[in-house]
Student: 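I'd like to ask you about the structure that follows.
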Protein chains: 2
Amino acid sequence: MSNARTLPVLELEAVVPCCPPLTERTLTAQEAERTAAMFKALGDPVRLRLFSAVASAPGGEACVCDISDVGVSQPTVSHHLKKLKEAGLLASERRGTWVYYRVEPSVLAGMGRLLTGPA
Amino acid sequence: MSNARTLPVLELEAVVPCCPPLTERTLTAQEAERTAAMFKALGDPVRLRLFSAVASAPGGEACVCDISDVGVSQPTVSHHLKKLKEAGLLASERRGTWVYYRVEPSVLAGMGRLLTGPA
DNA sequence: TCCCCATATCGATGAATGTCTATGTTGACG
DNA sequence: CGTCAACATAGACATTCATCGATATGGGGA
């Protein structure tokens, strides 16, 4: 179709629209606010383990019951998953009794680009 | 005895030695502790701006006076730079009156690898 | 030597955060 | 229905943290 001409690269970047690579220029206050929220979400050991559990799960998704063994109580797990969701890193979907979490598409690439640049 | 014979390659990687890509497997508690500390350091807007200011500075380094304009007091800037240093993200060196900060080598690549994998 | 500038440290304080127990909600299954 | 399992929410509590003003440190120049 006609709009197939738009650069797909731009659409990809729009999912995590924020900010040039950290090596390009000093971030503005707004950019820093938004981006720091993502790093902050990964800045807790329990959350980082939960995130890596989801990110490494077969099929790209995991139900809470499969990743809850991180040494804290069930409500705490739920609380951390909520934080990761609010930060835009995870998405969740209920299917029957279970709730499945998956990594929000392009988050990994987007954050990676912040650190290492477009290359 | 002579355990000084450890491989230098390992020492190099030891700068950011931690952890496979987040998509590979669930991190151990220890790995998560260490890695989360890095993300946490970037999880504050002021610190993130300071870090990007240093990372994007010409010559790869910046004196504090060049990056202090982030909207907080001078002691607060100093405090955040210390945190970034403790997290292993920045290094500092005094030259005359000024103190210069630079990004610790391999930090950007190391953290990028965590997110996007070796590719 | 004395002052000034750049940066670090100290101590205090209010806000944010991680954790828990208790309880609510939602769907599956007799 | 009633009950159970999976998950979320609410409230409380202790700890951590970001920030500030005051002060210390340390080098350069007059």
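Here is the naming used below: chain letters follow the sequence lines, and residue numbers restart at 1 for every chain.
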Student: Could you name each residue pair satisfying salt bridge (Lys or Arg N to Asp or Glu O under 4.0 Å) that touches residues 48-75 of chain B, not counting sequence neighbours?
Tutor: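 The answer is B:E61-B:R95, B:E61-B:R102.
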Student: Rounded to whole angstrom units, what separation is found between the CD1 atom of A:I67 and the P atom of D:dA6?
Tutor: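 Atom CD1 in A:I67 sits about 14 Å away from atom P in D:dA6.
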Student: Do other residues, nucleotides or ligands put more than 12 heavy atoms under 6.0 Å from the CD atom of B:E24?
Tutor: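 Above 12, so yes.
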Student: Give me the distances for all protein-to-nucleotides 11-18 of chain C N/O pairs that come in under 3.5 Å?
Tutor:
| residue | atom | partner | partner atom | Å |
| --- | --- | --- | --- | --- |
| C:dT17 | OP1 | A:K40 | NZ | 2.4 |
| C:dG18 | OP1 | A:R47 | NH1 | 3.3 |
| C:dG18 | OP1 | A:R47 | NH2 | 2.8 |
| C:dG18 | OP2 | A:R47 | NH1 | 3.3 |
| C:dG18 | OP2 | A:K83 | NZ | 3.4 |

Student: Partners of A:T35 by side chain to side chain contact (heavy atoms under 4.5 Å, CB included), sequence neighbours excluded?
Tutor: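 A:T35: side chain to side chain contact (heavy atoms under 4.5 Å, CB included) contacts with A:C18, A:C19, A:F39, A:L114, B:L48.
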Student: Check salt bridge (charged side-chain N to carboxylate O under 4.0 Å, His left out) between B:R94 and all other residues, then give those that pass, not counting sequence neighbours.
Tutor: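 With neighbours one apart ignored, the set is empty.
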Student: Please give, in whole Å, the distance from D:dA8 P to A:L50 CG?
Tutor: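 Atom-to-atom, A:L50 to D:dA8, this comes out as 11 Å.
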Student: Please list all pairs meeting disulfide bond (SG atoms under 2.5 Å apart) that have one or both residues in residues 32-119 of chain A, counting only residues at least two apart or in different chains.
Tutor: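 Passing the test, one end in residues 32-119 of chain A: A:C63-A:C65.
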Student: Does OP1 or OP2 of D:dT9 have a side-chain N or O of A:K82 closer than 4.0 Å?
Tutor: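 Answer yes for this pair, as a side-chain N or O of A:K82 is under 4.0 Å from OP1 or OP2.
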Student: If you take any heavy atom closer than 4.0 Å to DNA chain D, which residues from residues 56-66 of chain B end up in contact?
Tutor: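 Those residues whose heavy atoms fall under 4.0 Å from DNA chain D, taken from residues 56-66 of chain B, amount to none.
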Student: Could you state the atom-to-atom distance from CD of A:E86 to P of D:dA8 in whole Å?
Tutor: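 Rounding to the nearest Å, CD of A:E86 and P of D:dA8 are 12 Å apart.
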Student: Whole angstrom is fine here: how far is it from OH in B:Y100 over to C1' in C:dA6?
Tutor: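 Going from OH in B:Y100 over to C1' in C:dA6 covers 11 Å.
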Student: I'd like to know if A:Q74 reaches the base of D:dA8 with its side chain such that a donor and an acceptor end up less than 3.5 angstrom apart.
Tutor: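 Counting by modelled atom types and ignoring angles, a donor-acceptor contact under 3.5 Å is found here.
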Student: By the disulfide bond (SG atoms under 2.5 Å apart) test, which pairs, at least two apart or in different chains, include something from residues 24-53 of chain A?
Tutor: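 Counting only pairs at least two positions apart or across chains, no disulfide bond (SG atoms under 2.5 Å apart) contact touches residues 24-53 of chain A.
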Student: Do nucleotides 25-30 of chain D as a string where each nucleotide becomes B, S or -: B if the base has a protein heavy atom under 4.0 Å, S if just the sugar-phosphate does, - if no protein is that close.
Tutor: --SS--
Student: Sequence neighbours excluded, which residues qualify as side chain to side chain contact (heavy atoms under 4.5 Å, CB included) partners of B:K85?
Tutor: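 Expected list: B:S92, B:Y101.
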Student: Mind checking side chain to side chain contact (heavy atoms under 4.5 Å, CB included) for B:A57 and listing every partner two or more places apart, or none if nothing turns up?
Tutor: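 By the side chain to side chain contact (heavy atoms under 4.5 Å, CB included) rule, B:A57 matches B:A62.
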Student: Nearest whole Å is fine: how far is D:dA8 P from A:L84 CG?
Tutor: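 Whole-Å distance recorded here is 12 Å.
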Student: How many whole angstroms separate atom CH2 of B:W98 from atom C1' of C:dA8?
Tutor: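 B:W98 atom CH2 is separated from C:dA8 atom C1' by 17 Å.
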Student: Following the transitive rule for hydrophobic clusters with a side-chain heavy-atom cut-off under 4.5 Å over Ile, Leu, Val, Met, Phe, Trp and Tyr, establish whether A:Y100 and A:L90 coincide in one cluster.
Tutor: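 No, separate clusters.
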Student: Under 4.0 Å: is that the gap between some side-chain N or O of B:Y101 and OP1 or OP2 of C:dA8?
Tutor: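 Looking at the OP1 and OP2 atoms of C:dA8, one of them is under 4.0 Å from a side-chain N or O of B:Y101.
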Student: Please list all pairs meeting disulfide bond (SG atoms under 2.5 Å apart) that have one or both residues in residues 72-116 of chain B, counting only residues at least two apart or in different chains.
Tutor: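 Passing the test, one end in residues 72-116 of chain B: no pairs.
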Student: Extract all donor-acceptor atom pairs below 3.5 Å that involve side chains of residues 75-82 of chain A and protein atoms in other chains or at least two apart in sequence.
Tutor:
| residue | atom | partner | partner atom | Å |
| --- | --- | --- | --- | --- |
| A:T76 | OG1 | A:S73 | OG | 3.0 |
| A:H80 | ND1 | A:R47 | NH1 | 3.1 |

